[in-house]
Amino acid sequence: MENQLYIHNTLSRKKELFEAINPPFAGMYVCGPTVYGDPHLGHARPAITFDLVFRYLQHLGYRVRYVRNITDVGHLVADLDEGEDKIAVKARLEQLEPMEIAQYYADRYFIFMDSLNVKRPSIEPRASGHMIEQIRMVQQILDAGYAYEVNGSVYFDVEKYSKTFEYGKLSGRVLDDLMTNTRALEGQDEKQHPADFALWKKAQPEHIMRWPSPWSEGFPGWHLECSAMSTKYLGNYFDIHGGGMDLLFPHHESEIAQCQAAIGHESVKYWMHNNMVTIQGQKMGKSLGNFITLDEFFTGKHRLLEQAYSPMTIRFFILQAHYRSTLDFSNEALQAAERGLKKMLTACETLGRLVPATDTPNTEGTGRINALKTGCYEAMNDDLNSPILIACLFEGVRIINSAADGKERLNEAELAMLKEIFNTFLFEILGLKDEKGSDQHETIDGLMQLILSIRQKSRETKDWGTSDQIRDTLQKLNITVKDGKEGSTWENL
RNA sequence: GGUUUCGUGGCCGAGUGGCUAGGCAGCGGUCUGCAAAACCGUCCACAGCGGUUCGACUCCGCUCGAAACCUCCA
């Protein structure tokens with residue numbers, strides 16, 4: 001672990017040296033999806049961001065336990081269906097069991113994340129499976145005196161908490177402002193203070209998802225599951241807690257308060273937040289109804305999409321922006337990502353075919369490739385700057401293509417170094433992969449070699465008619481023939 | 001209104017007090033039977049106005065504009 005990894009801690013708003021609490025182990029908790037809808041591009045961002053963190057920490061030699069929750073108990077809604085559970089609403093519409101809905105969308109989530117080559121976390125706990133832990137935590141907070149019960153519901157006493165601790169330290173909020181600015185929502189009359197939040201909510205009669213508790217039959221407040229499950233699996237003090245920036249307040253702010261109240265100290269060392277995906281400058285989100293699902297991206301079936309985009313194109317697109325910047329969706333941007341990725345992967349293939357052009361050691365060339373590798377590490381160590389890393393890899397692409405063009409002469413050591421760089425950074429850490437079908441690839445490649453050799457013969461006899469017919473027909477099958485000095489190669493779109 | 005943040009070239013997107021980001025697109029070459037690919041070269045920036053500084057796109061202030069959060073959301 002000689003690499004010094006710096007990550008941006010939202011708590012200090014600075015880049016801090018990552019020092020594991022208990023090396024070589026590292027614990028990371030990330031807020032996962034609420035499973036009542038198909039995953040969209042916005043879900044892909046944190047999944048890929050923290051997949052990058054997961055992969056890089058592992059690369060650095062950490063033994064990482066990565067926990068990402070599945071929220072399947074639904075949250076309170078604040079509209080006319082006050083107090084009702086989101087999953088329950090959907091379930092009634094579709095005449096299904098709420099847990100059936102949750103299961104369905106959780107499965108969908110897993111499938112789409114797999115296709116994006118997002119590694120599965122070590123543990124994916126469900127809120128519904130941790131009622132006991134959540135109820136216990138409510139009790140701990142009550143015992144500590146930072147919560148009160150009203151009519152079977154339990155609320156966190158933010159006002160009392162803020163006398164000793166700083167509620168708002170993560171998001172930079174001031175309690176007085178919250179007091180004056182929090183809207184008076186219906187059914188909030190039970191709260192002593194508008195900024196108080198529910199730890200346990202008594203279920204209304206129409207509520208389908210409910211669990212018994214010492215206070216009422218009801219359901220947990222929506223900040224509680226993360227506090228309960230993160231500390232259960234990672235301990236009372238763990239390294240990284242991640243999530244989208246939109247969760248900063250009140251979700252993560254309240255998590256800090258809950259842990260402080262229940263455990264007696266904070267539970268998280270580094271808070272990391274990814275920024276939003278925007279569409280026409282606006283956040284892509286469920287509430288705005290401007291989201292495009294991953295399924296729609298992969299099939300191209302959405303009115304805003306000019307074409308289908310492959311999972312790796314989406315992944316590359318996301319990694320081309322730094323995780324703390326907003327990322328604006330557009331067809332033009334995705335098409336640029338698609339072409340850039342193709343260029344990158346083609347160069348990797350080329351690299352595999354390159355043979356040493358010289359056996360003389362070249363200190364200058366070797367030094368340059370070494371510098372490339374150093375640049376890659378520096379990019380990752382600087383708060384996981386994947387766009388810089390990708391820029392470094394494109395420098396490698398240039399070297400590879402120059403070598404293939406005969407303009408550079410690489411020796412065996414240099415080729416090996418390049419291969420190592422691409423294997424490590426492009427495939428292992430960025431998690432990109434070649435999407436060409438692997439099963440029949442060998443067969444097709446054999447067929448293609450045959451066709452290309454026939455075409456080569458026709459070219460040698462200047463039978464351009466046959467030569468072009470082969471090329472044009474293949475093109476119609478989305479296979480591009482590329483003639484080079486060393487013969488022809490082919491590429492399937 | 002409050003909190004947090006942002007405004008970079010045709011598009012996407014990094015970064016730094018003085019030195020080329022990168023990708024896509026464009027333009028000009030090389031290569032090629034033609035094409036594609038590739039290679040070389042090249043054009044187009046740092047919202048506006050002040051201030052600090054030998055020097056600012058980078059620091060400070062103001063103006064304009066945008067976003068996220070304050071209410072379910074990744």
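Throughout, a chain's letter reflects where its sequence line sits, starting with A, and its residues are numbered from 1.
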For the backbone of Asp463(A) and the side chain of Ser467(A), can you confirm whether one donor and one acceptor N or O come within less than 3.5 Å of each other? no
Pairing of Glu460(A) and Lys457(A) as salt bridge, 4.0 angstrom limit: no
In whole Å, measure the gap between the C1' atoms of U53(B) and G17(B) for me. 9 Å
Can you pull every protein N or O that's under 3.5 Å from an N or O on nucleotides 43-45 of chain B?
none

Of all residues at least two apart in sequence or in a different chain, which pass the ring-ring contact (aromatic ring centres under 6.0 Å, His included) check with Phe165(A)? Tyr161(A)
Salt-bridge criterion met for Glu338(A) and Lys343(A) (N-O under 4.0 Å): no
Give the B/S/- string for nucleotides 8-18 of chain B, one per nucleotide from 5' to 3', where a protein heavy atom under 4.0 Å of the base yields B, of only the sugar-phosphate yields S, and otherwise -. ---SSSSS---
In this structure, how many angstroms lie between the P atom of C72(B) and the CZ atom of Phe197(A), rounded? 12 Å
Quick one: does any side-chain atom of Asn290(A) pair with a main-chain N or O of Lys283(A) as donor and acceptor, under 3.5 Å? yes
Keeping Thr71(A) on the side-chain end and Thr34(A) on the backbone end, is there a donor-acceptor pair under 3.5 Å? no
Please state how far atom CH2 in Trp271(A) lies from atom C1' in U4(B), giving the value in whole angstrom units. 16 Å
Using whole Å, report how far CZ of Phe249(A) lies from P of U5(B). 16 Å
Nearest-angstrom distance from the residue atom CE of Met245(A) to C1' of U3(B): 13 Å
Would you measure the distance from the C1' atom in G61(B) across to the matching atom in A21(B) and give it in whole Å? 30 Å
Find the distance Lys342(A):NZ to A25(B):P and express it as a whole number of Å. 10 Å
Base, sugar-phosphate alone, or nothing: which one does Leu247(A) contact when heavy atoms must sit under 4.0 Å apart? sugar-phosphate
For the pair made of CD in Glu306(A) and P in C24(B), what is the distance, rounded to whole Å? 18 Å
Which pair of heavy atoms, one from Tyr270(A) and one from Leu17(A), lies closest together, and at what distance? OH-O, 2.9 Å
Test log, rule side chain to side chain contact (heavy atoms under 4.5 Å, CB included), inputs Ile451(A) and Ile470(A): CA-CA 8 Å; Ile451(A) 293 167; Ile470(A) 290 172; 3.6 Å; yes
Does the gap between the ring centers of His223(A) and Phe197(A) come in under 6.0 Å? yes
C27(B) and C64(B), which share atom name C1', separated by this distance in whole Å: 35 Å
When you compare C34(B) with C44(B), how far apart are their P atoms, in angstrom units rounded to a whole number? 33 Å
Which pairs of donor and acceptor atoms, one on a side chain in residues 39-53 of chain A, lie under 3.5 Å apart (sequence neighbours left out)?
{"unit_1": "His40(A)", "atom_1": "ND1", "unit_2": "Gly42(A)", "atom_2": "N", "d": "3.0"}
{"unit_1": "His43(A)", "atom_1": "ND1", "unit_2": "His40(A)", "atom_2": "N", "d": "3.0"}
{"unit_1": "Arg45(A)", "atom_1": "NH1", "unit_2": "Asn275(A)", "atom_2": "O", "d": "3.3"}
{"unit_1": "Arg45(A)", "atom_1": "NH1", "unit_2": "Met276(A)", "atom_2": "O", "d": "3.1"}
{"unit_1": "Arg45(A)", "atom_1": "NH1", "unit_2": "Ser325(A)", "atom_2": "O", "d": "2.9"}
{"unit_1": "Arg45(A)", "atom_1": "NH2", "unit_2": "His322(A)", "atom_2": "O", "d": "2.8"}
{"unit_1": "Arg45(A)", "atom_1": "NH2", "unit_2": "Tyr323(A)", "atom_2": "O", "d": "3.4"}
{"unit_1": "Arg45(A)", "atom_1": "NH2", "unit_2": "Ser325(A)", "atom_2": "O", "d": "2.7"}
{"unit_1": "Thr49(A)", "atom_1": "OG1", "unit_2": "Arg45(A)", "atom_2": "O", "d": "2.7"}
{"unit_1": "Asp51(A)", "atom_1": "OD1", "unit_2": "Lys119(A)", "atom_2": "N", "d": "2.9"}
{"unit_1": "Asp51(A)", "atom_1": "OD2", "unit_2": "Arg55(A)", "atom_2": "NE", "d": "2.8"}
{"unit_1": "Asp51(A)", "atom_1": "OD2", "unit_2": "Arg315(A)", "atom_2": "NH1", "d": "3.2"}
{"unit_1": "Asp51(A)", "atom_1": "OD2", "unit_2": "Arg315(A)", "atom_2": "NH2", "d": "2.7"}

Taking any heavy-atom pair under 4.0 Å as a contact, classify Gly172(A): base, sugar-phosphate, or nothing. sugar-phosphate
Would you mind classifying the nucleic acid contact of Met276(A) as base, sugar-phosphate or nothing, using non-hydrogen atoms under 4.0 angstrom? base
Stacked cation flag Arg68(A) on Tyr29(A), 6.0 angstrom / 45 deg: no
Dot-bracket notation for RNA chain B, counting Watson-Crick and G-U pairs under 3.5 Å, with | for partners on another strand: (((((((..(((.....[...))).(((((.......)))))....(((((..]....))))))))))))....
Can you check each nucleotide of nucleotides 28-40 of chain B against protein heavy atoms at under 4.0 Å and return B for base, S for sugar-phosphate only, - for none, in 5' to 3' order? ---S-BBBBSSSS
